[in-house]
K.L.:
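Have a look at the structure that comes next, please.
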Amino acid sequence: MAVQITREAMDYYVEVFPNSRINSVEEYPDEALDEHFAGMAGKVLNGRFSLNGVDFVCLDGGPLFTFNESISFVVECADQDEIDRYWSKLSHVPESEQCGWCKDRFGISWQIIPSNMDQLLGRPEQIQTMMRQKKIVIAELENA
């Protein structure tokens, strides 16, 4: 995560997911210690947080390291209400939405899917329906 959003992103994800917390935040040292830290004092160097029992570590990798779709996080949902809730909080880039995938305001890709997705894709018609969806709609897959 870029330096400017690391703390904001951790706070946001902890609000989105139940049973979540920020475990620790390490800030860049006082810039007076070294000229390499000029302007960085007080900004997040790395952080540790838990989202619904899963531990994460974020690190300021600088501007050379950005996110892309080769990495995504999967959120398996119990029902349509849960899909709708996560989708409304995590989807911020409509042009990136397809087949249950969305991208949040920090550039992270998420797969918001029902926990029984494998059962919902047992027939070619169901797969074709899913391929036309942005957010997964369970009833459409069941009726395909």
Side-chain angles (χ1 to χ4, degrees), residues 1-122 126-142 144:
M1 296 177 199
V3 173
Q4 298 82 6
I5 64 167
T6 302
R7 188 182 309 271
E8 179 184 355
M10 286 189 297
D11 288 339
Y12 183 70
Y13 297 137
V14 165
E15 287 179 25
V16 168
F17 293 93
N19 307 314
S20 299
R21 68 184 181 283
I22 295 174
N23 300 318
S24 66
V25 175
E26 182 180 347
E27 297 178 347
Y28 277 96
D30 185 342
E31 57 196 9
L33 296 176
D34 189 327
E35 67 277 356
H36 294 101
F37 296 109
M40 300 302 289
K43 294 183 179 178
V44 175
L45 174 61
N46 66 53
R48 295 177 182 274
F49 56 103
S50 299
L51 301 180
N52 204 15
V54 177
D55 293 331
F56 291 85
V57 176
C58 60
L59 173 69
D60 171 26
L64 296 177
F65 298 100
T66 59
F67 294 111
N68 63 51
E69 290 75 15
S70 66
I71 297 291
S72 63
F73 296 105
V74 177
V75 180
E76 290 187 350
C77 301
D79 54 29
Q80 191 66 51
D81 287 341
E82 193 172 19
I83 289 172
D84 295 346
R85 186 173 66 252
Y86 282 118
W87 193 268
S88 70
K89 294 178 183 286
L90 294 172
S91 181
H92 287 85
V93 184
E95 59 272 14
S96 295
E97 298 172 355
Q98 184 176 355
C99 305
W101 290 56
C102 66
K103 190 178 288 189
D104 71 21
R105 62 186 179 156
F106 302 105
I108 302 291
S109 291
W110 297 86
Q111 297 179 53
I112 312 299
I113 61 172
S115 57
N116 65 336
M117 187 70 153
D118 57 337
Q119 297 168 5
L120 294 170
L121 299 179
Q126 292 172 308
I127 294 171
Q128 291 169 0
T129 298
M130 187 257 324
M131 296 299 288
R132 291 189 299 271
Q133 293 179 332
K134 291 184 178 274
K135 176 181 70 176
I136 297 296
V137 179
I138 295 171
E140 290 178 6
L141 296 176
E142 291 173 334

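Model, not experiment: these values are computed from the prediction.
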K.L.:
Identify which one of E97, H92, E69 satisfies the side chain to side chain donor-acceptor pair (under 3.5 Å) criterion when paired with K103.
P.N.:
E69

K.L.:
To the nearest 0.5 Å, what is the distance between CD1 on I83 and OG on S88?
P.N.:
12.0 Å

K.L.:
Can you tell me how far CD of Q133 sits from CE of M130, rounded to the nearest 0.5 angstrom?
P.N.:
8.0 Å

K.L.:
For R21, does the CZ atom sit with more than 12 other heavy atoms under 6.0 Å from it, leaving out its own atoms?
P.N.:
no

K.L.:
Evaluate the side-chain proximity of F106 to E8: yes if any heavy-atom separation is below 4.5 Å, no if none is.
P.N.:
yes

K.L.:
If we ignore hydrogens and angles and just use 3.5 Å, is the side chain of S20 paired with the main-chain N or O of P18 as donor and acceptor?
P.N.:
yes

K.L.:
Going by the rule ring-ring contact (aromatic ring centres under 6.0 Å, His included), which residues pair with Y86 if we only count those two or more places apart in sequence or in a different chain?
P.N.:
F17

K.L.:
Give me the atom names and distance for the closest heavy-atom approach of I112 to C102.
P.N.:
CG1-SG, 4.0 Å

K.L.:
Using 30° and 60° as the class limits, which term best fits the ring planes of F49 and Y13: parallel, tilted or perpendicular?
P.N.:
parallel

K.L.:
Using every non-hydrogen atom in the two residues, find where Y12 and R105 come nearest and quote the distance to one decimal.
P.N.:
CD1-NH2, 3.1 Å

K.L.:
Indicate the atoms forming the closest heavy-atom contact of L141 with I136, along with that distance.
P.N.:
CD1-CG2, 3.8 Å

K.L.:
When you compare the side chain of Q80 with that of K135, does any pair of heavy atoms fall below 4.5 Å?
P.N.:
yes

K.L.:
Can you confirm whether N23 sits close enough to D55 that some side-chain heavy atom of one is under 4.5 Å from a side-chain heavy atom of the other?
P.N.:
yes

K.L.:
Between the side chains of S72 and Q111, is a donor N or O closer than 3.5 angstrom to an acceptor N or O?
P.N.:
yes

